[in-house]
Participant: 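Following this message is one structure expressed as structure tokens.
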Amino acid sequence: MKFQSLIVSALAAVAVAAPYPAANEAIDAEALPAIMARQSATSDELKNGACKDVTFIFARGSTESGNMGSIVGPQVCTALKTLLGSAKVACQGVGSPYDATLADNFLPKNTSPTAIGAANTLFNLAHTKCPNTKVVAGGYSQGTAVIDNSIQALSAAVVAQIKGVVLFGFTRNLQDRGQIPGYPTSQTKVICAVGDLVCDGTLIITAAHLTYGINASSAAAFLASKV
Ligand SMILES: *[C@@H]1O[C@H](CO)[C@@H](O)[C@H](O)[C@H]1NC(C)=O
């Protein structure tokens, strides 16, 4: 794809020396799908299961497999269940029709209307199916744009049910000034690693962008503190 070769050729000079990429060194976009597909998970516990006290809705990053991906979504789900009890938490990934293509990052909202609609459907389902559940949400990479734009599009009653949001590698961090416009900053945790250039208004993927698994438990603790 055009943007892949752009990123790769622009940063080819950087990628020569080190066997391990530095935190702020670009990763070849063609290598991403293989990295992102590792140990991916799918959770459909809101759609297919009984209502739980807490519902975690997560949008994965570009090219990640399953509806939870592999980099950080499954880890936050597991950590939430450890903190709150697995019988009390339903984890739900934003799946089809959100297809998490790399190209959609370059759209004006850093994801597609279809992706935003897929998240809207799940937040609305939580509201109608489980009016008493406390919703927490998370996104990684393109998934941060999915959650950010979705929350801005939801009705006030649906947003009121969303108690906390974590955004890992927030691709709209610069544009939206480190927050979800209109949503309380006290209920929002933006987690941006040093050297993750997507948090600085670029779409360059670096090694730092792939490190968020180590921040899953603190993010889950933040979400648990909001319910
Ligand atoms: C992520 O976790 C690492 C290791 O605990 C920590 O050093 C870093 O500050 C965390 N990043 C953020 C943005 O909280």
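Note that ligands are numbered from 1 as they come in the structure, with each ligand's atoms numbered from 1 the same way. Sequential numbering from 1 along the given sequence is applied to the chain's residues. Just so it is clear, the model here is predicted, and its values are computed rather than measured.
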Participant: Provide the number and element of each atom of ligand 1 under 4.0 Å from a heavy atom of Ile191.
Facilitator: 12 (C), 13 (C)
Participant: Kindly say whether Thr111 contributes a backbone atom to a donor-acceptor pair with the side chain of Gln142 at under 3.5 angstrom?
Facilitator: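 Side chain of Gln142 to backbone of Thr111: no pair is present.
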Participant: Short check: is a protein heavy atom less than 4.0 Å from atom 2 (O) of ligand 1?
Facilitator: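 It does; a protein heavy atom is within 4.0 Å.
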Participant: Please check: side-chain N/O of Lys109 versus main-chain N/O of Asp148, any donor-acceptor pairing under 3.5 Å?
Facilitator: no
Participant: By the definition side chain to side chain contact (heavy atoms under 4.5 Å, CB included), identify the one residue from Thr202, Asp196, Val198 that meets it with Thr171.
Facilitator: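 Result: among Thr202, Asp196, Val198, Val198 is the only option passing the side chain to side chain contact (heavy atoms under 4.5 Å, CB included) with Thr171.
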Participant: Donor-acceptor pair, Arg60 side chain versus Val94 backbone, under 3.5 Å?
Facilitator: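 Indeed, once roles are kept as given, a pair shorter than 3.5 Å links the two residues.
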Participant: With backbone taken as N, CA, C and O and side chain as the heavy atoms from C-beta onward, which portion of Cys192 lies under 4.0 Å from ligand 1: side chain, backbone, both, or neither?
Facilitator: backbone
Participant: Write out the residue and atom name of the closest protein heavy atom to atom 4 (C) of ligand 1, then the distance separating them to 0.1 Å.
Facilitator: Ile214 CD1, 3.9 Å
Participant: Quick check on atom 11 (N) of ligand 1 - does any protein heavy atom sit closer than 4.0 Å to it?
Facilitator: yes
Participant: Which residue and atom name correspond to the protein heavy atom nearest atom 14 (O) of ligand 1, and how close is it?
Facilitator: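 For atom 14 (O) of ligand 1, the nearest protein heavy atom comes out as Asn215 ND2, 3.8 Å.
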Participant: Is the number of heavy atoms from other residues, nucleotides or ligands under 6.0 Å of Lys81 NZ greater than 12?
Facilitator: yes
